[in-house]
Amino acid sequence: MISVAGTGHYSLRPHNSSKQTQKHSIQEMHWRIPRCVLSIVVGAVALFPAVSAAKRGNELFLSNPLTLRWQYTSDQTSNFTPATDTTTVYVPLADGTLVALDAGDGRLRWKAEAGGDFSAAPAVDERAVYVATQYAGADKNTMRGTLRALSKDTGITLWMRTLSAPLRGSLAVDGAGVFAGAASGNSYAFDKLTGRTLWVNQYADEFDGQPTVAGGRVYFGTVGGWLLALDQSNGNLMWRYRTRGAIRGPIAVANDSVFFGSADGFVYACRELSGKHVWKHRTGAAVEAVVALNGGVLASSLDNYAYFLSRKKGAMLWRQLLPGRIPARPVTASDGALFMPLSTDSAIVLSLKNGKPLNTLQLGEENNSSAAPIVTSDRVVLTTAHAVMAFAASR
């Protein structure tokens, strides 16, 4: 049994519906009143936007010359990272439209109205694309939210849930559930086949990050600086860790450790089972993303530096200054990592061995999108203010 110490106030409040939810301070250990018991296949592969460029049987090398294969032009691209299932790229546009593009040639397969403005990055699995939107409430001063499952083949809505507050950051899908955090402080698990709420926790904090599912747990970062490790099946709090800044970026889990960054400027490592602090490393500004690799932990900071740290002790192996702020996690391959610095006209590939520049991909315009690059099949897909572009190795 894991003991979590705390000294704050704890309370349960009734929910407006006939089912119960919980309200509590994150500083307290809590008991659970689950809406139902969720049975999830542990070990199923979550189809998040890809962070690795390695392909089974034919690896994509980022240091090799990469040429533009296709481009989808739009003045409505958003800062939300597209989702992909290796054959299709699902792009959320600023006008509330989701477009499905063929990963091979960029051809438009379908487009669908999501029913409002997107509030979180989408997720995809073998059956559906899951999208979160927001719209003004009845009094015009509050925002409400929706969660929809759209058919991957047609874009037709399979189910829809209305929510008291919009979901934020990004969605995550794994096993039987869709996981997300809301601006109201609710963390959710939804049945991905029906949209039914499987469990919900209510916290005295808000979510605006990228949840990660790994090892039977769901990791949420909060705006107040907490990292929460919840049981994937029922939402029970397994442990929590406090930082001094918002945790908005992705959380990496590898070799019994959890790695994450905070707006307080530190990269952190904790034990996967207990949440015990292992190390932290200071950077010069907020840490937007971390990626765990075989050789270390790669971190992107708003001080314009990329940091490569040892996984065991957090010692700095190298750091490299880039010509703009790094707002999103990079794509990685065995030979390098591709970054999308803001206010530059190219994507930059750094060597994982020493941080030296290896390659550049010309964008044709100054980048001002904080959407992360992704990999689908043998292509690197980049989002800019006016286009979605796919690069691949020269034929």
Neighbour count above 12 (heavy atom, 6.0 Å) for Arg127 CZ: yes
Connected-component partners of Ile156 among ILVMFWY, side-chain separation under 4.5 Å: none
Check [X] against [Y] and note the closest heavy-atom contact, atom names and distance.
X	Y	result
Gly155	Leu150	O-CD2, 3.8 Å
Pro82	Val89	CB-CG1, 3.9 Å
Glu272	Gly215	OE2-CA, 4.3 Å
Cys270	Trp239	CB-CH2, 4.3 Å
Ala94	Asp117	O-OD1, 4.1 Å

Residues Thr84, Val381; criterion side-chain contact (heavy atoms from CB on, under 4.5 Å); working and verdict: CA-CA 10 Å; Thr84 183; Val381 179; over 6 Å; no
Measure the spacing between [atom1] of [X] and [atom2] of [Y] and express it to the nearest 0.5 Å.
X	Y	atom1	atom2	answer
Lys111	Leu101	NZ	CG	11.5 Å
Arg148	Thr162	CZ	OG1	10.0 Å
Glu113	Leu98	CD	CG	10.0 Å
Arg217	Leu228	CZ	CG	12.5 Å
Thr384	Asp345	OG1	CG	11.5 Å
Asp191	Trp199	CG	CH2	13.5 Å

Strictly by modelled atom types, are [X] and [Y] linked by a side-chain donor-acceptor pair under 3.5 Å?
X	Y	result
Asp85	Tyr90	yes
Gln210	Arg168	no
Thr197	Arg161	yes
Thr146	Thr133	yes

Applying side chain to side chain contact (heavy atoms under 4.5 Å, CB included), can you list everything that pairs with [X], at least two apart in sequence or on another chain?
X	value
Ala128	Asp125, Tyr130, Ala149, Leu158
Asn64	Phe61
Ala385	Glu365, Asn368
Leu321	Asn304, Tyr305

May I ask you to test the [X]-[Y] pair for a side-chain heavy-atom distance under 4.5 Å?
X	Y	answer
Pro330	Leu338	no
Gln232	Val213	yes
Leu350	Pro357	yes

Set of residues satisfying ring pair (Phe, Tyr, Trp, His ring centres under 6.0 Å) with respect to Phe308, sequence neighbours excluded: Trp318
Phe220: ring pair (Phe, Tyr, Trp, His ring centres under 6.0 Å) partners, not counting sequence neighbours: Phe207
For [Y], does its backbone N or O pair with a side-chain atom of [X] as donor and acceptor, under 3.5 Å?
X	Y	value
Asn79	Ser369	no
Arg311	Leu293	yes
Ser377	Thr86	no
Ser119	Leu167	yes
Asn359	Leu62	yes
Arg379	Gly104	yes
Ser274	Arg271	no
Thr222	Gly225	yes
Ser346	Leu363	no
Thr81	Ala371	no

Salt bridge (charged side-chain N to carboxylate O under 4.0 Å, His left out) contacts touching residues 89-102 (sequence neighbours left out): Asp102-Arg107, Asp102-Arg109
Steps toward side-chain contact (heavy atoms from CB on, under 4.5 Å) verdict (Thr383, Val91): CA-CA 9 Å; Thr383 303; Val91 182; 5.5 Å; no
Pair Lys192 + Glu126, salt bridge at N-O below 4.0 Å: yes
Pair listing, side chain to side chain donor-acceptor pair (under 3.5 Å) test, anchored in residues 278-300, at least two apart: Thr283-Ser301
Salt bridge (Lys or Arg N to Asp or Glu O under 4.0 Å) involving Arg248 - partner list, sequence neighbours excluded: Asp208
Side-chain donor-acceptor pairs under 3.5 Å in residues 256-263, sequence neighbours left out?
from	atom 1	to	atom 2	distance (Å)
Ser262	OG	Thr243	OG1	3.0
Ser262	OG	Gly245	N	3.4
Ser262	OG	Gly245	O	3.0
Ser262	OG	Asp264	N	3.2
Ser262	OG	Asp264	OD1	3.2

Same apolar cluster (I L V M F W Y, side chains within < 4.5 Å links), Ile251/Leu309: no
In one Ile/Leu/Val/Met/Phe/Trp/Tyr side-chain cluster, 4.5 Å: Val290, Ile247: no
Those residues that, when tested against Asp105, pass side chain to side chain donor-acceptor pair (under 3.5 Å) (two or more places apart): none
Working for side-chain contact (heavy atoms from CB on, under 4.5 Å), residues Leu298 and Thr332: CA-CA 9 Å; Leu298 185 62; Thr332 62; 4.0 Å; yes
Evaluation steps, side-chain contact (heavy atoms from CB on, under 4.5 Å), between Asp335 and Val349: CA-CA 9 Å; Asp335 61 336; Val349 177; 6.0 Å; no
Aromatic ring pairing Tyr268/His277, orientation class (parallel under 30°, perpendicular over 60°, tilted between): perpendicular
Check: Phe179 ring centre within less than 6.0 Å of Tyr188 ring centre: no
